[in-house]
Amino acid sequence: MMDMKGRIAALIADALSRCYPQASGLPSVTEVQDFLEIPPEKEMGDYAFPCFKLSKVLRQGPPQIAAALSGAIRAPELCEAKPLSGYLNFFFNRENFARETLQTVLVAGARYGSGTEGVGKTICIDFSSINIAKRFHIGHLSTTMIGHSLRRIYDFLGYTTVSINHLGDWGTQFGKLITAYKRWGNREDVERGGVEALTQLYVRFHDEAEKNPALEDEGRAWFKKIEDGDPQATEIFNWFKALTLRDTQRVYDMLGISFDSYNGEAFYNDKMGRVVDELKEKNLLTISDGASIVDLEESGMPPCLILKKDGATLYATRDIAAALYRMDTYHFDKCLYVVAYQQDLHFRQWFKVVEKMGYPWAKDLIHVAFGMISYEGQTLATRKGHVVYLEDLLNRAKEKALEIIRDKSPELENKEAVAAQVGIGAVIYADLQNNRIKDIDFWWDRALNFDGETGPYVQYTHARCCSVLRKAPKQGMPSGANDGATSNYGGLCDDYAQELLRLLSRFPQAVREAAARYEPSMVTRALTEIAKSYNKFYYENRILDAENGVREARLGLTLAVKQTLQTALFLIGMDAPERM
RNA sequence: GCACCCGUAGCUCAGUAGGAUAGAGCGACCGCCUCCUAAGCGGUAGGCCAUGGGUUCGAAUCCCGUCGGGUGUGCCA
């Protein structure tokens with residue numbers, strides 16, 4: 001079934017050709033569809049066609065054009081067209097719109113809004129990318145949640161996705177860490193303390209190294225051993241890595257996140273010669289102050305450093321090596337890097353280098369940048385303890401949710417499980433609520449606020465839908481296209497129901513825009529609008545004790561809302577509790 | 001200095017491939033549970049869309065300048 005917008009565009013195009021048979025340069029159906037907009041006020045209709053642009057072609061004032069077109073459009077079963085100050089405003093036939101929208105949503109069910117446009121296309125998403133021996137804190141929340149949500153959104157549209165946790169597992173800091181461990185650590189304490197214990201060792205190293213600079217050399221020596229594959233160094237290093245992944249996995253489990261690949265810096269260590277060779281071969285490498293660079297002056301950027309004076313590689317080298325590997329391995333159509341905007345220049349530089357290497361897919365490398373996070377107005381500082389660990393945040397959010405449940409729903413059975421869904425949901429929602437480029441200043445009271453437009457609000461609305469549906473009579477529950485016999489769609493013609501139907505009908509488009517703009521917040525916003533609209537509908541209309549037929553129609557709408565909310569929640573990485 | 005990003009209500013933000021009278025949440029104040037989940041709903045108050053030009057029938061939205069803020073800017077990642 002063609003959507004309403006397309007059908008209205010077809011009506012307009014047809015009316016244009018009949019009203020102005022002599023005119024040339026009339027817009028096509030698709031052009032008309034692009035002109036169509038949603039009026040600012042509901043009283044102005046469901047769609048509006050602005051006639052200003054046609055004024056020149058048709059040598060007529062916009063109001064005259066609108067009037068002529070409205071006279072030529074006769075489709076009462078679909079909509080009415082009324083001219084108003086240069087616009088042609090379309091008012092849906094409400095009953096028809098309700099029937100069509102509801103049946104579309106209910107037939108699609110959990111797949112409403114999904115698509116197949118991505119079938120056969122692969123998208124690599126590089127996100128979260130934790131550092132070994134460092135605790136997961138709120139600074140990692142955005143990359144993790146944006147990446148995870150994008151993954152679900154692209155999956156929903158039929159793409160094959162590859163989620164990649166590009167581990168920060170290479171560098172002299174690991175030599176220093178081994179030094180600290182050998183001097184002051186022991187197996188049991190570190191095994192028990194996990195990443196926190198490693199962090200303490202690292203801090204101690206820095207304190208002691210200020211007094212005793214020889215420690216730096218010792219650290220470098222241990223790192224050299226890692227590089228050379230020394231068995232003891234490798235064993236300790238791999239153990240640190242396993243400890244970090246073990247601790248981090250607890251958080252990933254709470255968030256429901258998994259990765260297809262953990263290939264990080266260490267993995268690419270032996271794959272960088274190819275990059276250097278290729279750059280040399282293509283005459284892109286020049287020596288400057290002893291370092292090997294790719295000059296980017298003609299692109300208006302500082303040069304991209306490939307090799308240090310001492311011949312060591314740099315992170316641009318590693319990123320290029322990883323991109324080449326991923327193209328060879330996954331044949332991606334796009335490769336997304338969900339990384340903070342601080343690294344914007346870095347990405348623009350090495351993307352340009354890949355382009356200069358002659359790879360047409362350089363244009364498919366996308367830096368999905370997001371804003372900085374600060375804590376109570378100040379930069380996060382792990383050393384000073386000015387930091388919020390993700391695990392602590394999620395646990396406190398769970399506790400807060402549990403308190404509220406004990407207060408408001410003392411009879412709820414699985415309180416702990418629901419509290420986890422709600423508390424964690426609040427954190428996820430807050431992170432994906434606004435455009436990703438916005439900076440976030442973290443405050444505990446804000447993070448733990450569950451009133452207003454928050455995660456709990458949308459989950460609450462979902463639970464409310466579930467509650468209504470549970471109490472509905474078993475018979476006559478609408479489930480799809482064949483419920484026309486029992487549902488009276490006249491019961492969905494009020495402004496509240498219509499607004500809700502409008503939002504439901506636009507949901508698939510919202511998912512696509514979110515994908516096109518790498519912007520999960522567009523799904524969050526659609527989700528919130530639907531929830532708000534349902535709560536208003538719910539207060540203005542009786543559902544269960546409405547008359548026969550109307551009750552079924554409103555239950556159908558409730559089911560459609562419930563399913564769409566559930567889908568939208570899933571797409572941003574939240575759970576949808578049925579009771580709370 | 002240069003580059004990128006951002007300036008919309010007291011606070012946090014929607015709205016930007018131009019469209020009609022600029023919206024929401026929080027905070028403040030006032031209401032609504034004998035009724036399907038009050039984690040809800042309604043109302044009041046709160047705006048020179050940073051600023052000056054330009055393009056246009058029409059600009060918060062596009063272009064140029066200015067001011068303010070953030071980030072980055074050759075051997076860390």
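Chain A is the first sequence line, chain B the second, and so forth, proteins listed ahead of strands; every chain is numbered from 1.
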Can you tell me whether the side chain of Asn89(A) and the base of rA20(B) have a donor-acceptor pair closer than 3.5 Å?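 Checked by distance alone, the answer is yes.
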Any side-chain to backbone donor/acceptor pair from Asn269(A) onto Glu265(A)? Under 3.5 Å, distance only.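 No; zero donor-acceptor contacts below 3.5 Å.
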rC13(B): syn or anti, per glycosidic angle within 90° of 0: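 Anti conformation here, the glycosidic angle of rC13(B) being more than 90° from 0.
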Check the geometry between Tyr460(A) and rG40(B) and answer yes if their rings are stacked (centres below 5.5 Å, planes below 30°), otherwise no.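 No, the aromatic ring of Tyr460(A) does not stack with the base.
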Hey, is Tyr539(A) stacking on rG42(B)? Ring centres under 5.5 Å, planes under 30°.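 Not stacked: fails the 5.5 Å / 30° test.
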What orientation do Phe351(A) and Tyr337(A) show, parallel under 30°, tilted 30 to 60°, or perpendicular over 60°?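 Phe351(A) vs Tyr337(A) ring planes: tilted.
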Euclidean distance, atom CZ of residue Arg446(A) to atom C1' of rG27(B) [Å, nearest integer]: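 After rounding, the gap between these two atoms is 11 Å.
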Quick test: give all pairs of protein nitrogen or oxygen and nucleotides 2-6 of chain B nitrogen or oxygen below 3.5 Å, distance rounded to 0.1 Å.
{"residue": "rA3(B)", "atom": "O2'", "partner": "Arg348(A)", "partner atom": "NH2", "Å": "3.1"}
{"residue": "rC4(B)", "atom": "O2'", "partner": "Asp344(A)", "partner atom": "OD2", "Å": "3.3"}

Distances for protein N or O near nucleotides 75-77 of chain B N or O, under 3.5 Å:
{"residue": "rC75(B)", "atom": "O2", "partner": "Lys309(A)", "partner atom": "N", "Å": "2.7"}
{"residue": "rC75(B)", "atom": "N4", "partner": "Asp289(A)", "partner atom": "O", "Å": "2.6"}
{"residue": "rC76(B)", "atom": "OP2", "partner": "Lys308(A)", "partner atom": "NZ", "Å": "2.6"}
{"residue": "rA77(B)", "atom": "OP2", "partner": "Tyr315(A)", "partner atom": "N", "Å": "3.3"}
{"residue": "rA77(B)", "atom": "O3'", "partner": "Glu265(A)", "partner atom": "OE2", "Å": "2.3"}
{"residue": "rA77(B)", "atom": "N7", "partner": "Tyr315(A)", "partner atom": "OH", "Å": "3.3"}
{"residue": "rA77(B)", "atom": "N6", "partner": "Tyr315(A)", "partner atom": "OH", "Å": "2.1"}

Would you say Arg470(A) has more than 12 foreign heavy atoms packed within less than 6.0 Å of its CZ?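 Yes.
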Reckon Asp445(A) touches a base, only the sugar-phosphate, or nothing at all at heavy-atom distances under 4.0 Å?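 No contact.
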Taking Arg502(A) first and then Glu499(A), would you say they form a salt bridge - that is, a charged N and a carboxylate O separated by under 4.0 Å?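 Between Glu499(A) and Arg502(A) there is a salt bridge, with a charged N closer than 4.0 Å to a carboxylate O.
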Mind checking whether Tyr325(A) and Phe267(A) have ring centres under 6.0 Å apart?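 Yes; Phe267(A) has its ring centre under 6.0 Å from that of Tyr325(A).
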Taking for each residue the nucleotide of RNA chain B bearing the nearest heavy atom, is the 5' side occupied by Asn535(A) or by Met522(A)?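 First, find each residue's nearest nucleotide; the 5'-ward one identifies Met522(A).
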Let me have the donor-acceptor pairs involving side chains of residues 285-304 of chain A, under 3.5 Å, with sequence neighbours excluded, atom names and distances please.
{"residue": "Asp295(A)", "atom": "OD1", "partner": "Glu297(A)", "partner atom": "N", "Å": "3.0"}
{"residue": "Glu298(A)", "atom": "OE2", "partner": "Lys356(A)", "partner atom": "NZ", "Å": "3.0"}

